[in-house]
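What follows is one structure encoded as structure tokens, with my remarks underneath.
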Amino acid sequence: MERLHCFPQPFPDELLYSLAVRYHRLSANHSYRRTSQDLFGVYSRTCGSILPCCLGTLSKELAWAYSANELINNFTLFPLYEPFLSEAKRSAARIAMAGDSGTGLKMSLGLTASGFLKHASFRYCESCVTEDSRNCGSAYWHRIHQAMGSCVCPHHGKALRAITFPNGADWRCMLLPGEAVGSQIMETPAASAVDIVSEMQFWALNHPTDVQRLLAGNFLGHRLEEMGFLKSGRIREQALRAFLTSTLLLNPLANEFQEICHSCDWVFTVLRHRERVIQPLKFYFLCWLLKTDLEQLRAFDAQAHTCNKEARKGDDPGATFDHAEVQARRAAFSSSLSMKCHEKPGYMWLYRHDRGWLAEYVSAHPFTRTRPELVDWDARDLALVRELLIARDQILSTQEKPQKITRAALGRKVARSREFLKTPNKFPISTFLMKDMLESDHDYQIRKINWAVRRYLLPEQSSVSVVYRCAGIRVPHVTVEEVLHILSHV
Ligand SMILES: [Zn+2]
């Protein structure tokens, strides 16, 4: 130790403020001002923050026993936020925390806008206080208890308590948990949301790179797909909204959860990446809303980095997958023949991790919509056959002046004539039959002469021209012999 004469050995998951309080006690300083000067070289206003600054100086004061980044990783809540930040924001935030001024840090991480800060308090768990006093010799402030949305201790499942610093003072009076009055921040938790979110955040705080993989692997997208809230890669907003609203109504929650329980609009800004920085609480609460627990987060992660270099593909060159898994996903995708590409199982996974194969498969297997045959054309054809036969009989049996059996004449007497005339190929038997039924000019005139002879009682010696006139024939298609034959036989 070059600069500081002493510094406490950190306890598991200890907050930087807690270390500062214990240093304050060890060095028997009378005021925070002196302690701050020792630790940070300046009067730091952020020592009690979940995202403190001046950590570069502290690292120096500690003779680089911890680098500034190690201080950030181990004693602040930054690892909870980091996976949700772009590379640029991430390094800007680290630079701010290592530097002397943290101005604008909470704003740039979206904390100020989130509305969560007004619920913030110094929180502790009574069971942890008892255990830490016994095991470590002192109670201390746990990082996870201070995270937004931590209302329950992830170790004991008990509702956390918030300390009230005495005489209207703030954290600068340098107290540890249990040293001032504390009040329980919520009723005994009835909803599982607070428990599960607390567990998830504790895991996330200690596994930021795993969370990054979850985000890179579009965990929420997969979950929506599994739950049937995606169609053609798009969110079925109405269905999801109905589902979320009923879940939110059934789970009235306190504290910072109030900020995200009155509406589910925020879910869509999270899912569509419209929020500049996603608040960890929103992400994990949404995981809970989508019926996910910590084991599923872990399992997704385990699945995502099973190492096998055989399947290193797609737009995610860092990810490697088990050959059998890739084959299984390809098989599941390619066996769903009747579905559109985006609706097939595992589309999103393959798009992300196996895009080359996916593109090849899709171009080789263009989707052709197979519409279910709604009309029984065979039955229609047979029905039309019957109608045509009846129509022909009606035309032939009339006592009136004969009408020629034409396509139009038959069509007028059947129900589906329009359909039949437009799509004759759908009525093959009817089409064949109709061709056979159509009457030639000769046959029609024979029929007309027969009718006229009977109708006008024409005698056998009638002249052919009279017969033609009575039958309404101008251009004869019959022979004189045929006319005489009819006259002689009636
Ligand atoms: Zn506890």
Side-chain angles (χ1 to χ4, degrees), residues 8-22 25 47-52 73-81 116-117 119-166 171 173-208 210-211 251 253-258 280-281 283-285 287-288 292-295 297-298:
Q9 185 69 31
F11 297 136
D13 194 40
E14 186 166 14
L15 189 68
L16 186 88
Y17 170 66
S18 186
L19 284 164
V21 174
R22 295 203 292 124
R25 307 272 172 95
C47 176
S49 166
I50 56 173
L51 301 167
N73 294 342
N74 297 317
F75 309 116
T76 78
L77 280 167
F78 186 68
L80 196 57
Y81 291 85
F116 295 149
L117 284 175
H119 302 279
S121 53
F122 277 78
R123 298 174 178 181
Y124 63 95
C125 159
E126 281 187 315
S127 298
C128 284
V129 168
T130 311
E131 276 185 19
D132 296 342
S133 303
R134 187 176 62 233
N135 299 335
C136 305
S138 164
Y140 62 94
W141 297 105
H142 287 243
R143 268 192 312 176
I144 187 58
H145 294 165
Q146 320 310 323
M148 299 301 147
S150 274
C151 297
V152 168
C153 173
H155 310 296
H156 300 100
K158 284 187 175 174
L160 297 178
R161 299 178 78 84
I163 198 171
T164 308
F165 292 104
W171 53 267
C173 64
M174 309 304 269
L175 294 181
L176 290 174
E179 294 179 346
V181 181
S183 53
Q184 197 162 302
I185 61 168
M186 64 186 294
E187 295 294 315
T188 308
S192 63
V194 282
D195 282 314
I196 290 175
V197 168
S198 189
E199 275 179 11
M200 285 178 176
Q201 295 210 108
F202 186 55
W203 170 77
L205 184 56
N206 293 292
H207 299 85
D210 292 351
V211 176
N251 290 278
L253 293 164
N255 303 303
E256 47 269 52
F257 285 92
Q258 286 169 7
L281 171 56
F283 179 81
Y284 299 110
F285 186 49
C287 287
W288 176 82
T292 310
D293 60 22
L294 177 56
E295 283 317 307
L297 298 190
R298 283 181 172 147

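Counting starts at 1 for both ligands and their atoms, in listed order. What you are looking at is a predicted structure, and each value in this text was computed from that prediction instead of being measured.
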*Any N/O/S of His145 under 2.8 Å from the Zn ion (ligand 1)?*
no
*Sub-3.5 Å donor-acceptor pair from the side chain of Arg22 to the main-chain atoms of Leu176, do we have one?*
no
*Any chance you could measure Ser121, atom OG, to Phe165, atom CZ, to the nearest 0.5 Å?*
9.5 Å
*Spacing of OG belonging to Ser18 relative to NE2 belonging to His142, to within rounding of 0.5 Å*: 8.0 Å
*Any idea which heavy atoms bring Ala20 and Cys47 closest together, and the distance?*
CB-SG, 3.6 Å
*Of all the N, O or S atoms in His156, which one sits nearest to the Zn ion (ligand 1)?*
ND1
*Angle subtended at the Zn ion (ligand 1) by SG of Cys125 and SG of Cys153, to 10 degrees?*
110°
